[in-house]
Amino acid sequence: MSVAASVEVPGWNAPTSRARSVLRVGMRVGQVVLFLAAVFFIVAPLGWLIVLAFSRGFSFPSLVPTSFTLSWWHTVLASPGLLHSVVLSVTIAPVVLAVSMVICLPAAYAIGRYNFPGKRFVLLSVFSINAFPRISLYIAMIPMLFLLNLMGTVIGVVVVQLIGTILFMTWIPATGFAAIPEELVEAARDAGASKVQVFWRVLLPLCRPSIAVAAVLSFLAAFDEAQGTFIVGAPNYLTMPVRMYSLVLDYPVQFAAVFAVVLSIPSVVLLILVRKHLFAGTSAAMHLR
Amino acid sequence: MSETSVSTEVAEAVVGGAGAPGAPAPRARRSRRSAEGGSRGGLAGLLGYLPVAFLLVFGGIPIVFSLLLMFGHLGGPNAAISELGQGEIPAHGIGTLGAITQLFENASYRQDIFATVMVFVVTAAVVLAIAALLTFWHRLRPSKPLAVLQFLAVIPLFIPVVIASFSLWTFWGDRGFTNSLAQLAGWSNGLIFSGRIQGVILAETWVSLPFAVLLLRAGVASLGDSSLDAGRDAGARPFTIARRIMLPQLRRECTVVFCFTAVGALGSFTVPYIVGPSSPVMLGVDAVNTYTAYNQPQQAAVIGFTIFVLAALIGCVYALGSRSRRVGRG
Amino acid sequence: MQGSELVLEQVTKSFSGAPAVDAVSLTVRPHEFLTLLGPSGSGKTTILRMVGGFLSPDTGRILIDGVDVSGVPVERRPTAMLFQQLSLWPHLNVSRNVSFGLELRHRPKQEIARRVHELLSVVGLAELGSRLPAQLSGGQQQRVALARALALEPRILLLDEPFSALDTKLRVELRTFVRSLQREVGTTTLLVTHDQEEALELSDRIVVMRDGHVEQVGSPTDIYETPATTFVAEFLGAMNFFTGAASGQQVRLAGDVAVPVDEGVLAAGDRLEMGVRPEDVVLDADAGLPARFTVEEVTSKGHFRALRLRCGALDLRAFVDKGVVVAPGDDVAVRFRKVHLFGSGGGGQVAPEAAAERPVAAPSAMAVRGASGTSGSGSRP
């Protein structure tokens with residue numbers, strides 16, 4: 001038999017422990033350097049923002065503010081234009097969410113539970129609209145919005161914010177509906193539930209987590225949307241994120257910092273609330289094979 | 001977050017195939033459902049097409065209008081907008097290339113295109129490199145620092161893009177933290193990214209990182225332990241395993257990360273508007289300025305289509321990347 | 001023939017505080033086929049992964065041909081592993097899967113090609129070199145994986161339940177193949193399995209493991225015929241257990257059934273466990289235990305019959321020839337061809353040197369007959 005006979009038995013090297021320990025130390029140092037760089041790159045700018053929001057001013061190039069103050073918070077909270085933005089943001093975003101649910105959830109149910117002609121086409125459309133560069137899509141929408149008399153109107157703003165929610169609101173609940181085992185439905189039918197009862201008492205409750213994740217992502221997509229809202233709504237409807245554009249240019253940096261901190265609170269809170277579902281959902285959803 | 005986008009193939013893989021969070025849907029179950037679906041196909045189809053109808057009215061048809069506008073058809077559906085616009089070049093016959101040539105003859109517009117391409121190519125490459133480094137390394141040699149790093153890399157997902165742009169702009173600005181640090185360290189050149197193309201790349205990287213890390217993390221998790229162990233057993237060092245075993249198997253995931261990061265950067269407005277220089281500007285900023293500040297909707301449409309064309313090129317890269325993988329898998 | 005000696009010295013490994021392998025010492029002789037057999041969680045896979053270098057022991061040493069390899073990383077160990085899951089690289093074709101390790105060693109192209117062809121011929125897949133793993137059956141994939149492992153010219157081949165992902169027929173086929181190949185090549189081989197049949201068929205020696213320690217080491221025959229503990233006895237083959245007390249030259253079981261044993265084995269009054277393999281139960285109308293058993297259930301198992309017998313509180317399983325005519329409700333007399341005696345906790349054997357090989361059975365008058373059919377190394381005339 002030739003397997004062993006035909007080849008020389010290779011000598012295997014005894015460990016050279018010094019080279020290995022050098023390598024190990026190198027890896028360790030590499031990790032620590034990477035770690036510090038990442039902290040600096042990702043976290044430090046946010047920390048800087050928070051420091052700014054509470055500082056009276058800086059004497060460049062000092063790294064610490066001259067003194068700390070809450071006065072910017074008073075200024076921001078007392079300015080009437082900003083209050084208007086807050087009201088706009090917290091009314092428009094829920095409206096967008098509601099409309100999005102009405103348009104998308106039935107579709108998500110159909111995609112998740114049934115085969116119908118053109119199902120692939122529906123998915124393709126929902127995804128390809130998101131594969132377009134967003135800003136060029138908004139630019140392309142302008143003639144249509146003019147035609148429908150929606151430019152500069154609140155309906156126009158709702159429409160433009162809806163675009164960014166369609167994918168979340170269709171796809172995530174669809175995967176949720178699709179993941180419910182047929183056996184559960186059959187068991188419910190067996191127990192005497194009608195199709196409508198099955199929907200309300202089995203499918204919908206089981207799909208609730210994915211709908212919740214989709215709702216949070218959609219709400220935030222609408223709430224944080226700035227570029228389309230700016231094109232369609234300005235100058236009448238300046239939501240909070242749109243207001244940031246002008247704040248950056250025209251106001252003291254601390255003023256904008258306070259506003260930014262306030263504006264990011266909903267995002268951070270909502271996303272932390274659904275974090276667990278979000279990551280489980282994304283990794284399942286992004287599971288490509 | 002609102003600037004990221006996801007692919008059709010991802011969708012099909014999930015909805016049509018393996019199922020969603022948790023259990024994979026066995027094939028038998030799907031076919032049974034499809035048999036049942038026959039009777040309800042009509043209603044289901046009707047419901048299913050609702051989002052498509054919306055997207056058609058506010059996405060598909062507008063693109064056609066915008067195309068007409070670009071080629072100088074100022075009447076019909078475009079009458080309302082062209083009445084208000086300025087500097088329009090009307091079509092004679094089937095259309096005019098006037099607005100297109102006008103823009104492309106402008107040197108600063110060509111610079112804008114070049115800057116845009118550079119930003120999205122470099123951003124996509126950097127994001128892919130960082131995400132691959134983090135996730136591959138952690139898959140091969142799990143460690144606490146790397147686990148924390150992956151967690152940190154997802155933080156930008158939680159921050160609205162406007163806030164992210166603003167905070168990076170101040171942090172890397174001329175009176176920001178980094179420049180202060182550089183001055184204190186006696187580096188008189190300073191360390192300023194804001195208002196420069198490099199700053200745009202940096203900020204685009206910041207906002208794109210979470211998607212890339214999440215996707216590649218799911219990708220490396222799908223590689224079987226024994227497949228990687230077999231590589232070590234065969235005598236491969238970690239780097240070799242990453243290059244010759246992990247990378248070829250994750251070619252599609254990497255392509256997805258690269259292309260979506262690129263399209264995200266290409267179609268962004270907020271980041272370059274806040275962080276970027278006033279010249280050259282990225283095409284997104286250019287388009288918005290052309291419409292809002294110069295009131296030239298036709299020229300804005302041309303810029304919008306320039307962006308579409310660049311996106312189509314990225315789409316070709318995507319097609320290539322996912323195709324060669326399929327050949328590899330047979 | 002390449003095949004190294006492998007020695008484990010007091011190897012211990014804990015996972016988050018719980019010891020998975022507890023001070024295990026073991027010697028695998030050159031060219032030997034040794035099987036680590038045990039239920040899941042017994043530490044057998046942990047040992048295999050430590051030998052392969054995928055885990056490092058907390059304490060203790062692993063020596064290959066006398067060289068301590070504890071600090072040597074996987075990629076430089078002279079070991080090769082065949083994995084439980086199908087572990088071929090899906091993006092490489094069969095030939096490239098096999099040649100991967102050789103390419104890393106910068107062998108000349110021609111030599112690699114020749115060697116790959118040779119190895120694929122050995123595993124009977126020379127024609128399929130350009131196929132991708134996805135185009136192969138599970139059995140073929142494991143053959144390729146075997147060729148890939150052999151390509152590394154390992155001194156020690158590690159098999160991590162390599163047949164468990166296959167269906168029964170393929171499993172039997174492949175393990176027969178692996179056994180003959182191993183005999184030919186002579187590579188020292190360490191197999192991990194929880195399948196007793198596999199262990200009995202393949203191994204030169206078996207190491208039975210439980211809760212991180214070695215329960216018994218021996219040849220398949222030794223372990224089957226002379227189980228050191230009730231655990232081993234139960235894990236390999238089936239066994240009936242009865243609690244009893246020694247009384248002179250008898251073991252008294254519940255219901256006043258007495259089983260005679262040879263003199264000198266027992267001290268009077270010892271509590272003990274008596275084990276009887278079902279195939280050692282003989283139905284004998286003429287002579288048997290003083291008590292009679294009632295047949296409760298008869299199940300055909302193809303080439304033999306499985307009976308459930310009862311005598312008061314005693315429940316007894318017996319495997320008898322398919323020609324034996326019995327029906328539920330029948331009263332039968334039985335004798336035991338052979339019994340095994342264990343300490344009452346089920347731990348060590350009461351009289352190791354006696355090794356329970358003692359053909360104990362039947363009333364004393366029948367003691368001679370009881371001797372038939374024993375074959376263990378410790379058996380006495």
Side-chain angles (χ1 to χ4, degrees), chain B residues 9 13 17-18 24 27 132 135-144 147 216 218-257 320-330, chain C residues 45 48-49 51-55 72-94 96-107 130-136 141-142 144-154 156-158 160-162 165:
Chain B
E9 296 203 36
R27 258 177 215 146
T135 54
F136 284 28
W137 194 350
H138 189 60
R139 182 72 179 86
L140 287 171
R141 296 279 158 86
S143 69
K144 200 87 192 173
L216 285 187
V220 295
S222 73
L223 299 177
D225 278 342
S226 56
S227 154
L228 304 181
D229 282 348
R232 295 183 64 195
D233 210 31
R237 307 281 296 271
F239 181 74
T240 312
I241 294 178
R243 191 170 61 85
R244 293 188 54 178
I245 294 177
M246 300 178 82
L247 198 58
Q249 291 190 63
L250 295 175
R251 165 175 267 143
R252 183 148 117 196
E253 282 81 351
C254 289
T255 310
V256 169
V257 165
L320 274 173
S322 39
R323 187 182 56 106
S324 51
R325 143 111 173 204
R326 236 170 262 138
V327 170
R329 299 206 110 198
Chain C
T45 302
L48 196 76
R49 291 182 68 79
V51 173
F54 298 103
L55 295 171
V72 181
V74 181
E75 53 266 30
R76 303 220 335 240
R77 286 201 187 188
T79 57
M81 172 108 82
L82 187 58
F83 294 87
Q84 180 177 9
Q85 301 93 354
L86 304 176
S87 64
L88 295 181
W89 299 303
H91 60 293
L92 299 178
N93 67 23
V94 166
R96 293 290 310 279
N97 260 284
V98 177
S99 66
F100 185 84
L102 298 171
E103 287 168 28
L104 290 181
R105 287 165 199 196
H106 304 292
R107 293 291 168 76
S130 56
R131 294 269 186 95
L132 287 168
Q135 297 167 307
L136 302 181
Q141 290 194 38
Q142 277 310 55
V144 175
L146 184 63
R148 181 177 70 181
L150 290 175
L152 306 173
E153 296 147 25
I156 294 169
L157 186 61
L158 305 171
D160 182 11
E161 307 205 21

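Each chain gets a letter, A, B and so on, in the order its sequence line appears, and its residues count up from 1.
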**Request:** Could you list which of residues 226-234 of chain B have a heavy atom closer than 4.5 Å to any heavy atom of chain C, in residue-number order?
**Result:** S226(B), S227(B), D229(B), A230(B), G231(B), R232(B), D233(B), A234(B)

**Message:** Nearest 0.5 angstrom please: W89(C) CH2 to L223(B) CG, how far?
**Reply:** 13.0 Å

**Message:** Please classify the contact of R131(C) with chain B as side chain, backbone, both or neither, using a heavy-atom distance under 4.5 Å.
**Reply:** neither

**Message:** Going by the rule side-chain hydrogen bond (donor to acceptor under 3.5 Å, both in side chains), which residues pair with T45(C) if we only count those two or more places apart in sequence or in a different chain?
**Reply:** none

**Under the side-chain hydrogen bond (donor to acceptor under 3.5 Å, both in side chains) test, residues paired with E75(C) that sit two or more places apart** = none

**Message:** If you define the side chain from C-beta out and look only at heavy atoms, does anything of H91(C) sit under 4.5 Å from R251(B)?
**Reply:** no

**Fill in**
Here the salt bridge (charged side-chain N to carboxylate O under 4.0 Å, His left out) pairs for residues 82-92 of chain C, sequence neighbours left out, are none

**Prompt:** Based on non-hydrogen pairs under 4.5 Å, which of S87(C), G52(C), P133(C), G53(C) is most in contact with chain B?
**Reply:** S87(C)

